[in-house]
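Throughout, a chain's letter reflects where its sequence line sits, starting with A, and its residues are numbered from 1.
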Amino acid sequence: MPIGPASCPQLANCPTVIVMVGLPARGKTYMSKKLTRYLNWIGVKCRVFNVGEYRRSAVKEYKKFDFFDPQNKEAMKIRNKVCEQAMEDMIGWLENEGDVAVFDATNTTRERRQLVMDYCQKEKNFKVFFIESMCDDPEVVAENVKGHEELGEISEGRGAAAPFRRDVGEVKVNSPDYRNMNKDEAMRDFLERIRMYQKSYEPLDTEYDKEKSFIQVHNVGQRFLVNQIQDHVQSKICYYLMNIHVLPRSIYLTRHGESELNIKGRIGGDSSLSFRGRQFANALAKFMEEQDVNNLKVWTSQLKRTIETAGGFHAPIEQWKALNEIDAGVCEEMTYEEIQEKYPEEFAMRDQDKYHYRYPRGESYQDLVARLEPVIMELERQTNVLVICHQAVMRCLLAYFLDKNSDDLPYLKVPLHTVMKLTPMAYGCKVESFYLNIEAVNTHRERPKDQCSSAPTAELAAVQLSVECSASGNTDPQRKSEDALETVPDHY
Amino acid sequence: MSDDMRTRKLSCPEVGVTGSELGNLGPASCPQLANCPTVIVMVGLPARGKTYMSKKLTRYLNWIGVKCRVFNVGEYRRSAVKEYKKFDFFDPQNKEAMKIRNKVCEQAMEDMIGWLENEGDVAVFDATNTTRERRQLVMDYCQKEKNFKVFFIESMCDDPEVVAENVKEVKVNSPDYRNMNKDEAMRDFLERIRMYQKSYEPLDTEYDKEKSFIQVHNVGQRFLVNQIQDHVQSKICYYLMNIHVLPRSIYLTRHGESELNIKGRIGGDSSLSFRGRQFANALAKFMEEQDVNNLKVWTSQLKRTIETAGGFHAPIEQWKALNEIDAGVCEEMTYEEIQEKYPEEFAMRDQDKYHYRYPRGESYQDLVARLEPVIMELERQTNVLVICHQAVMRCLLAYFLDKNSDDLPYLKVPLHTVMKLTPMAYGCKVESFYLNIEAVNTHRERPKDQCSSAPTAELAAVQLSVECSASGNTDPQRKSEDALETVPDHY
């Protein structure tokens with residue numbers, strides 16, 4: 001099994017610590033979480049260690065901003081201690097199982113950064129990569145402060161109080177720190193907190209820090225300063241950060257309409273839509289029109305059934321080979337019954353590890369993720385997009401947006417004739433599911449019983465996507481036919 | 001390109017193709033991404049690697065399917081001013097010279113814009129462009145009159161050793177200095193740089209904050225990236241951030257002869273033949289003699305390449321992306337069987353071998369798309385031996401040797417032969433090593449009616465060029481014997 005990203009083996013050999021840098025409300029946690037989600041999806045084991053969370057565990061109740069005054073010696077003692085705790089946990093995790101750890105804290109002084117580097121590089125020989133987020137554009141300042149003039153908080157100059165409005169409005173005032181304050185009090189306290197940090201802020205510098213590896217992100221991605229990239233992972237991180245944006249938009253994911261082969265319970269192939277599938281194509285065009293989306297782009301695969309599903313659109317349509325359904329190799333166009341008859345051991349092996357299993361002469365879900373990476377990168381660049389794809393492909397894309405791991409990914413429910421609308425929100429993604437009311441066969445195979453973990457997966461999305469387990473069935477290569485076919489949905 | 005597409009291009013913003021047009025616009029992996037012609041404007045003092053980056057970037061963009069071309073103002077100037085005398089031609093106070101220089105700049109721009117309007121996606125305007133005035137001129141031309149996108153690439157270098165090395169490697173051999181000895185040439189060139197330095201205004205984060213650009217410092221140690229507008233610009237930045245100029249060599253070879261090779265069958269996943277195993281041993285020995293520093297060995301995930309790497313102690317990485325082209329329904333067939341079962345498909349493949357996609361399989365164009373991450377990682381690495389397959393090796397070779405999509409599918413890559421590529425000046429030196437173990441020939445010549453009348457100019461040390469079959473044709477109604485004309489012998 002290749003270690004490292006699906007598309008590029010062996011590239012996470014040396015554990016890396018990503019150190020976030022920046023004043024509060026500059027999007028550090030947003031970037032930490034999003035980057036972590038991306039790295040995990042491409043197969044790099046990544047985790048965020050948020051010092052604020054450690055602090056909230058240690059200091060049960062947050063009182064006010066002067067906790068963050070650098071002159072407050074007692075508070076500094078506590079803050080240094082929780083920082084060390086976070087670092088210890090982080091290093092323990094990297095030594096045992098992780099590839100990349102994200103150290104999410106302000107890290108705004110040279111002294112603090114040196115501390116972290118000494119810990120990581122001298123004692124442990126980990127690589128260190130800094131990501132600094134800065135916002136100094138007076139226009140952005142004005143935009144963010146709009147609506148808060150009564151606070152008299154407008155200030156100029158570098159590193160001025162210019163929080164991301166989304167952050168402060170959406171995230172900060174809803175933080176556990178502020179559960180006992182009303183929104184205005186919370187806002188005022190938070191802006192004072194930022195001022196505490198500004199007093200001692202020392203941004204990364206091209207001269208002083210010229211031997212360090214880092215990327216400095218300015219004004220939410222308008223400008224980047226990239227210094228001393230050491231390896232593939234750091235290069236990919238920079239590329240990813242250079243492609244993401246925070247403009248409001250929605251991504252619509254759907255499968256092609258029901259196809260001729262779907263009806264017969266056959267997998268793969270390149271068949272046309274059934275009658276109901278064509279009805280779906282019409283309903284889809286109508287639905288998207290009602291959604292009244294700005295500058296919609298429509299993407300399909302290069303297989304007939306997705307192209308036909310896009311037939312009702314006047315918007316520009318782009319066909320991606322990378323969106324083609326998983327290649328089932330020797331099993332293409334077979335029913336599951338036929339697969340069970342002809343390749344019973346392969347069928348069982350697939351049920352044992354559906355993510356890594358590769359069809360003979362075909363692909364695995366892991367291979368799919370590798371070829372979908374350019375699609376994800378371009379989706380990040382775009383704004384409003386409707387992606388018409390296939391079952392396995394849609395599971396991979398959904399897993400990326402909803403942070404599903406490789407265990408759950410192959411069992412995500414993505415029924416035909418249902419559109420999922422994903423809208424980025426705070427630190428995650430809102431999901432809405434729209435069934436367009438046209439009947440179709442079910443093509444979903446449940447996870448066989450002996451593959452289900454005992455504790456159910458916590459499911460917070462608006463939509464029931466979670467893994468449901470078959471009541472029985474097993475994955476033993478010597479299993480009986482009827483056990484093997486337990487999970488196969490009905491078909492004509 | 002149809003009239004529709006041409007018109008569309010002139011009227012940016014991005015408009016795509018409707019319906020089921022399987023267009024080849026834009027990069028193989030990402031359709032429709034070069035809608036709006038882009039002008040890349042190089043910026044920098046002489047000997048900062050502008051032409052090196054221009055050529056390398058152009059090679060990369062063409063390979064991934066973005067039609068790109070360099071317009072080098074120095075070449076235009078050499079056409080206009082037959083003989084270069086000395087550095088004071090470049091003195092900004094020299095009014096006569098300035099007239100000539102402005103005129104050749106305009107000529108280059110006109111040609112560039114004409115090419116973009118008719119066929120190109122990205123044009124690279126390779127000149128110093130070191131003053132704000134000159135850059136404004138170029139932008140006005142491109143943006144206001146033509147609505148092209150403009151992207152600046154500035155190369156800055158304050159390391160005197162790097163500059164001196166650049167001057168020695170490419171400048172003193174320039175046509176400008178054919179009448180001077182090396183020392184004179186060096187002195188003159190350094191004075192030339194000083195002429196430019198007088199009026200040099202680098203891109204500035206404040207003054208140029210609305211422009212899209214990347215500033216490269218000290219050969220890639222640091223980058224400043226500003227206002228990326230689209231996918232192509234983002235890819236260009238990623239590419240520039242991954243390339244380096246450290247000395248190294250890339251070794252490309254196919255797996256040893258396989259069981260299926262012997263039977264004349266394509267694709268599949270067979271083991272090595274006896275001779276193939278001999279090659280695996282010879283390969284390990286050869287690489288040891290090459291005495292390569294920190295060698296990495298890459299294979300595909302098919303048995304025959306993994307077995308070929310059997311003799312290596314170096315770390316081996318297996319890439320699925322290096323697997324041979326998927327021949328779909330034709331996997332494991334002989335060409336004779338393909339001709340019998342799918343005569344029309346076989347003819348269509350001969351008509352356009354680069355774009356032709358096997359039913360349920362891949363095309364060379366698809367291969368390029370999936371090999372892109374491999375190329376990107378090869379650029380990052382130093383010494384690598386890549387053990388791959390015939391079609392894959394053709395694609396990789398085409399990238400390094402700047403072969404177009406017409407020639408790519410017919411590049412000769414015989415079994416048991418290692419090709420060593422060493423970057424040199426603006427290109428790549430190629431050395432070919434046949435390890436003296438016999439193998440079947442798996443190369444099909446280009447059928448006669450696909451050959452252009454003028455032979456391709458071949459400057460590489462190795463004969464890679466397209467040879468044409470003496471006869472054969474690509475008509476779907478052709479006779480079997482004509483179809484099988486190009487098929488090599490096998491057991």
Kindly compute the distance separating [atom1] ([X]) from [atom2] ([Y]), expressed to the nearest 0.5 Å.
X	Y	atom1	atom2	value
B/Gln227	A/Gln222	CD	CD	5.0 Å
B/Ile214	A/Met242	CD1	CE	6.5 Å
B/Asp230	A/Arg381	CG	CZ	6.5 Å
B/Arg360	A/Glu333	CZ	CD	4.5 Å
B/Tyr238	A/Met377	OH	CE	7.0 Å
A/Lys321	B/Asp366	NZ	CG	4.0 Å

Side chain, backbone, both or neither of B/Asn226 within contact of chain A (heavy atoms, under 4.5 Å):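 Both backbone and side chain.
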Residue [X] excluded, over 12 heavy atoms near [atom1] under 6.0 Å:
X	atom1	result
B/Asp204	CG	yes
A/Glu289	CD	no
B/Asp159	CG	yes

Structural part of A/Asp327 lying under 4.5 Å from a heavy atom of chain B: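 Just its side chain gets close to chain B.
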Heavy-atom pair of closest approach, residues B/Arg357 and A/Gln302: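 Closest approach of B/Arg357 to A/Gln302, heavy atoms only: NH2-OE1, 2.8 Å.
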Chain A interface, residue from B/Val374, B/Asp269, B/Asn323, B/Thr205 that has the most non-hydrogen pairs under 4.5 Å: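 The answer is B/Thr205.
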